[in-house]
Structures are given as structure tokens and as C-alpha cells.
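For reference, the structure discussed in these notes is given below.
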Amino acid sequence: MDEKERIIQLRKELHEHNYRYYVLNQPTIGDQEFDFMMHELQDLEAKHPEMADENSPTQRVGSDLNEEFRQVEHKYPMLSLANTYNEQDVADWYESVSKGLAGEDFEVCCEMKYDGLSISLTYVEGRLTQAVTRGDGVRGDDVTANVKTIRSIPLVLTPPASNDLFATPSYPREFEIRGEILMPWAVFERLNKEREEAEEPLFANPRNAASGTLKSQKSSLVASRQLDAYLYYLLGEELPAEGHYENLEVARSWGFKISEGMKKVKTLQEIYDFINYWDKARKSLPVATDGIVLKVNSVRQQRSLGFTAKSPRWAIAYKFKAERVCTRLNEVTYQVGRTGAVTPVANMDPVQLAGTTVKRATLNNEDFIRSFDLHIGDYVYVEKGGEIIPKIVGVDVDQRPIIAQPVQFIKRCPECGTPLVRYEGEAAWYCPNDTGCPPQIKGRIEHFIARKAMNIDSLGPETIDDYYRQGLIHNVADLYDIDVQQINGDGSRTKSAQRIVNGIQASKEVPFERVVFALGIRFVGETSAKLLARHFKNIDALMGAGLEELQEIEGIGEVMAKSIITYFHDEKNLEIIRRLREYGLQMELSANDSQLSTILEGQSIVISGVFAHHSRDEYKALIEQNGGKNVGSISSKTSFILAGENMGPSKLQKAEKLGIRIVNEEEFLGMIGL
């Protein structure tokens, strides 16, 4: 056997061993033997670059290259499921399906609802060609390079032997399979332990950890995090079977990891039995789950039932009730956020809750603490809201120690010692030292570089923290002084350093309204920043605005207006703005950012459905640029509804009841002259 033949053989064998180890959990060789084969393949591929294959097992290690994700439109929209929390809602859904099918018999496929990041995988000729996140349901991020590092996702499918009369159907030439990217509990616990030892921020839950990992710009990092994947939905023009359950069983034979917790039933009682069984059994699963998904099994019947604007009528998600445990409250500590808001945190005896060890829970604010009359030493009941965020939901007063002392909210910032303030109408206490308090400084810089602000995606929180500790940056303006030599370390990071500097320089083209948002003025969000930018047109007019003028803008209240004035009366902030202007950031609306027309002035518009020519965000921008106002719900004040395909029947019914005009995509574009 020559070396090229050996490459092909090794690839085939390693794909098979990956499948047996990560999907079947039935390895047939040891780790050392597997590593020897992998090293042999790596050496042979290095000798024969003409044999390069992006789906080779050697490519699962990932890369340190930092690449931006491109947006990809889904061939089939990725809609979310309607949620239900009780058996009556399940019964109502079952009855609506029966009515929708005019009494025709139907089966229901019951599945686990995994709590991770939704992913869509496309295979062509048996090879993984694209992996896309859910995004907004219409388009998502292309994360193919990162997904290829996940061992339980096959890169190349092995077709059944052609001479086997009883073989399962071969895969179609092209198909899509959807599922959930997950971080197993064991990996999550280990990762958080490592981060705690390194004094790094902990991940809140496995889903956030999996999401953050998959969105990493370095696939080598993704590979090291040991993500997993369960697949649950097959789409395409040539599906192997007419039943959803049967399609997944066939997909299992192609090498995909399909849940063992899947059952086909016919009656409501069988659905309830499945729910009750897994409500307990799920606690022994290696990954996070938060409910059960029910799907009409017949693909033909699914098509007949169709979709609402947001979800399929043929499927529903039943969410489990939150698990509750009791543990002892030992201490209350305090965290300072980007805006200076001080959040109390309960530190408790470690306890197992919904698959993880919980020892901290948010206490929200002082009013929350008082509502429970919390004392140090109390035994508190803890739940995970939606199986994710630990929260205290009650106190066992009968177990309160006699010497227990009530929790007293702090008066000074735990980071810089500044006396705290509480603004009118606000539940939180704030540290007003926004230019000298370290967490606020770093938080403001992290906010400044965020995607919806200056979009400097070559930087991240850990890098910002590193630069701050080195003394390279003390505020957002310092970013524009950074050069390659300063951040090149020992000289081995020239490319990444240059990429960071290039990203910072590119942010100078970000439009004015996002610059206003990026400044991090307390209480000024993304929408408020747009209103301010479009009203005042430039930074000088905004800086000189008085209280009354600010409050004349719809959506700008007294608290926000006072915060804006306070911000622009701080000499440190004015110095930062002066420097940002000198560096070349956009300090006024460009012709492209300015209002296109006033044709929609005074009109409140609701957007509903899926569109062909522009995304929902693009239509929202067009509405604002032509003087209109985007609103989320229909009321008597709604001027008209911009409706795409699959507009929700409830919205349509309400519009008809109130006599609200329905405008389609083409009519709207003609209305604004496009």
C-alpha cells in the first residue's frame, strides 16, 4: 500500500473510531492507538499536500486564525417552538392538532428538549459543507470551521453496502439536519473550576458556555472545549421516510448522534407518561435539558398543519418545572457592573441543582433582600429560572438561627469606596464614580467594542482586562493609541496584533448613532442613542442640549435626560470625546444616516412575518429613516402592519377587529419610493 492509499485508509478508520467513541460510546481501540493513527495521518498529509481534505479527521483540532463569521440565509426558516408549562396546555395543543387534521388519526414523536445552541448542518454528497446558527431564524452565522471540531458531528458519512438488500436507505445527495450544540455537565464543571482558579469570570450555565465557545473566533479553542451535539430534525427534498421518527432512526444509521430518549405515541396519556418519566430521569443525563418536545410524526400531516408567524402548529415544547433545593446562606457579596449598578450576590453552601453545583445566586437589589427579610445563616430555597439562572425564591424561617443578623445593604462601592446613590425610580444602587471605578472602566470599554456599538470584534473581555492590567488602556480613547509593537508580546503574535489594530482603526467608520450608544451614557440604550443622534445630528448639539430640549424627544424621560447632562458636564468625558474626535470617529450624521424622508412621520408601524427583499432589521431601519416609529404590538394607535409571509393568525385577527390596514412588502417599498 502506497502512502496515498494509506491516507485514505487512515481517514476512513479514524472517522469510524470517532463515531464509535463519541456517538455510540463503544470504543474499539485505546486512546494511545488512536493518537498513533492520528499522528501518522498528520505526517502523511504534511508529505502530500495535494491530498488536502477539509473534512479529514486531522482538521478537528481547529485553528488559531481569527475569522469573522459571515451571515448565511437559511434555506428553511428556523422558527422557535411555542412553550407550554402544564398538562392542560398539552391537551389543548393535542386537540388543536386533531381539529387541524379534521379528525384524522395521528402519531406524536416525543423527544428531549436539549438546552444548548441550535445549529443547522448541510451535507452534500455525504460531506459536511456548512454549519449555521439559528440567528434570527431567517439568517445565522456560518460556524462551519468551529463545528468541524465537534467529534460527535460526522464530517463524512459512510453509505450502506450496495449489495446489502436489508441496508437502511442511503443519504440523499443533499439534505439538512438540525440539532443542538451542547456543553456536557462534566466539561462545564471542569471549565468553570479552571476559570475560578485563574480568577476569570465563570460561565453562568452550559448553554452560555456552549454559545460563547461556538462563537469563538479561534476553532482551536472550540476543539479544546469538547462540545457535543444531538440532532433532532431532518429536512430535504428526498427524505428517506414519511415519518419524522423514522427519518431520525435512518439518520442514526448514517452516523448522527440521535437521542435515545425518543418515543412515538398516539394518546394523551402516553404523552403524559413520557413527560413524567423524563422529569425525573433527565437528572442523570450528561447534558442539560429543560423540557420535552412534541411533534406530529407524519411529515405529510406536518405540511398540512403548517406554521404560524413564529412557530409550527405541529410541534410544541413542554417546559419542566424548576427544580428547588434548600441550602444555607453564608454571606452576601456585591458586584459592580458597567453602568455602576451594584448587584448583591448570595454565597451559599454548595448544593446540586439541575445538574450543576450551585453556591451563588443573584439577589437582584436591596428591595429584593428586604422582601424576604434575609438574614445571614438563613436556610433559603433556590431554583433555576428556566433551568438556567439560580435564584432565591423563599426562606425557611423556622430554621433561622437565634443569633442570625439581617442582611444590610452596603453604603459604599466595594471596588472604589465611593458612596452609593439611588436614582429616582430605580431599584438599584449605583456607584457614581464611572470614570474611576475599575469594573465600570473595563465594562465601559467592553460595551464600547461590542457588536452593536463600535463592533471591534478582534477584541474581547479577557483582552481588555489584560490591556487594563498592563496599563495600556484606562478609557475608550486609549484604544486608538495602541500600536502593534505594544501588544505583540515576545514577537510571535504579529498577525493577531495587526488584526486588533486594524479592527480598532476600522471602527472609525462606524456611524454616529452607534458612536452615541458606544459612549455608554447611563440609561441610554441602542434605541435612545438613535433618537438622540437623529434629533441633534452631531455631538456638539447633543452636548449643548438642555433638560427641556432633551425631554421633548419622545422616549427620553427626565432620568435619562439628567444622566445625559451629567455625562457631558464631566471634564473627563469631554476629554475622551475630544480625543475620539481627533482620532477620526464619526461625530455627526452622514448623508446615508440622515432621515431619507418624512413620509412615515407620526405613524406607528408593526412588522410581522417573513420577508423576501429585506430582513426585519432592515425594514425597521427604513421605517425610522422615513420618520416612522417601530412598535412591537398591535393597538388602536397602530397606523398599519407591514406584513410578510406567515403572518400570525392572532395578529391578523386583532388587526381585522381594530380595522388596522395590512401593507405587504411591495406596497411598503413603493410607499417609501424604493
Side-chain angles (χ1 to χ4, degrees), residues 185 188-189 192-193 195-197 199-206 208 280 283 288 290 320-433 437-440 443:
W185 289 118
F188 173 73
E189 294 278 12
N192 260 357
K193 185 177 180 181
R195 294 175 73 86
E196 187 171 29
E197 290 172 353
E199 297 184 353
E200 295 177 352
L202 303 186
F203 286 115
N205 51 72
N208 284 6
K280 297 180 178 65
K283 294 169 186 175
D290 61 353
F320 291 126
K321 292 188 175 90
E323 185 182 345
R324 173 183 290 197
V325 294
C326 188
T327 187
R328 185 179 186 275
L329 173 64
N330 297 317
E331 182 187 20
V332 175
T333 54
Y334 298 84
Q335 297 176 342
V336 182
R338 170 184 68 84
T339 63
V342 177
T343 303
V345 178
N347 294 266
M348 308 167 294
D349 285 346
V351 62
Q352 285 292 312
L353 178 61
T356 58
T357 301
V358 171
K359 52 187 177 181
R360 296 185 187 91
T362 179
L363 292 171
N364 298 327
N365 52 53
E366 183 182 25
D367 294 343
F368 183 88
I369 291 172
R370 286 182 175 175
S371 70
F372 287 107
D373 186 27
L374 279 179
H375 285 55
I376 300 298
D378 272 344
Y379 281 83
V380 295
Y381 294 106
V382 184
E383 288 183 357
K384 280 193 176 181
E387 300 291 335
I388 297 299
I389 303 170
K391 62 179 180 180
I392 289 176
V393 295
V395 179
D396 187 349
V397 179
D398 294 336
Q399 290 196 67
R400 176 173 291 166
I402 296 175
I403 60 172
Q405 295 296 311
V407 175
Q408 299 291 337
F409 204 90
I410 58 174
K411 302 298 182 185
R412 291 181 173 273
C413 175
E415 296 287 343
C416 67
T418 302
L420 303 180
V421 297
R422 185 168 178 176
Y423 299 102
E424 185 179 348
E426 285 288 309
W429 284 89
Y430 288 85
C431 169
N433 183 22
C437 185
Q440 293 189 68

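Start at 1 with the first residue, then count along the sequence. Computed from heavy atoms alone, side chains included, the values below leave out hydrogens, waters and symmetry copies.
Residue pairs meeting the salt bridge (Lys or Arg N to Asp or Glu O under 4.0 Å) criterion with at least one partner in residues 325-347, sequence neighbours excluded, do not occur; the list is empty.
Neither side chain, Thr339 nor Gln440, offers a donor N or O lying under 3.5 Å from an acceptor on the other.
Glu366 CD to Ile410 CD1: the interatomic distance, rounded to the nearest 0.5 Å, is 10.5 Å. The structure places CH2 of Trp429 at 11.5 Å from CG of Asn365, a figure rounded to the nearest 0.5 Å. In this structure, Thr362 OG1 and Gln335 CD are separated by 8.0 Å, a value rounded to the nearest 0.5 Å. Distance check: Thr357 OG1 to Asn192 CG gives 10.0 Å after rounding to the nearest 0.5 Å. Summarising the geometry, atom CZ belonging to Arg360 is positioned 7.0 Å from atom OG1 belonging to Thr333; distances are rounded to the nearest 0.5 Å. We find the OH-OG1 distance between Tyr379 and Thr327 to be 8.0 Å, quoted to the nearest 0.5 Å.
Crowding of Glu426 atom CD: a count of heavy atoms from other residues, nucleotides or ligands under 6.0 Å exceeding 12. Counting non-hydrogen atoms of other residues, nucleotides and ligands closer than 6.0 Å to CZ of Arg370 gives a total of 12 or fewer.
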Under the criterion side chain to side chain contact (heavy atoms under 4.5 Å, CB included), I'd like the reasoning laid out for Val380 against Leu374: C-alpha separation, chi angles, the key distance, then a yes or no. CA-CA 9 Å; Val380 295; Leu374 279 179; 3.9 Å; yes
Criterion side chain to side chain contact (heavy atoms under 4.5 Å, CB included) on Cys413 and Val336, from CA distance to verdict: CA-CA 8 Å; Cys413 175; Val336 182; 3.9 Å; yes
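Looking at Lys359 and Asp349, their side chains never come closer than 4.5 Å, going by heavy atoms from C-beta outward. At least one side-chain heavy atom of Arg400 sits less than 4.5 Å from a side-chain heavy atom of Val395. Leu420 is listed as a side-chain neighbour of Cys431, based on a closest heavy-atom distance under 4.5 Å. Considering only heavy atoms from C-beta on, Ile369 comes within 4.5 Å of Pro344 through its side chain.
Considering all non-hydrogen atoms of both residues, Pro390 and Ala361 come closest at O-CB, 3.8 Å. Here the closest heavy-atom approach between residue Val382 and residue Met348 is recorded as CG2-SD, 3.7 Å. Scanning all heavy atoms of the two residues, the minimum distance from Leu363 to Phe368 falls at O-CD2, 2.9 Å. Between Asp373 and Asp378, the shortest heavy-atom contact is O-OD2, 3.9 Å. The two residues Gln399 and Cys326 make their nearest non-hydrogen contact at NE2-SG, 4.4 Å. Of all the heavy atoms in Arg324 and Leu353, the pair that sits closest is N-CD1, 4.3 Å.
Partners of Tyr334 under the ring-ring contact (aromatic ring centres under 6.0 Å, His included) rule, at least two apart in sequence or in another chain, are Phe409.
When atom types are taken as modelled, the side chain of Asn347 and the backbone of Val345 share a donor-acceptor pair closer than 3.5 angstrom.
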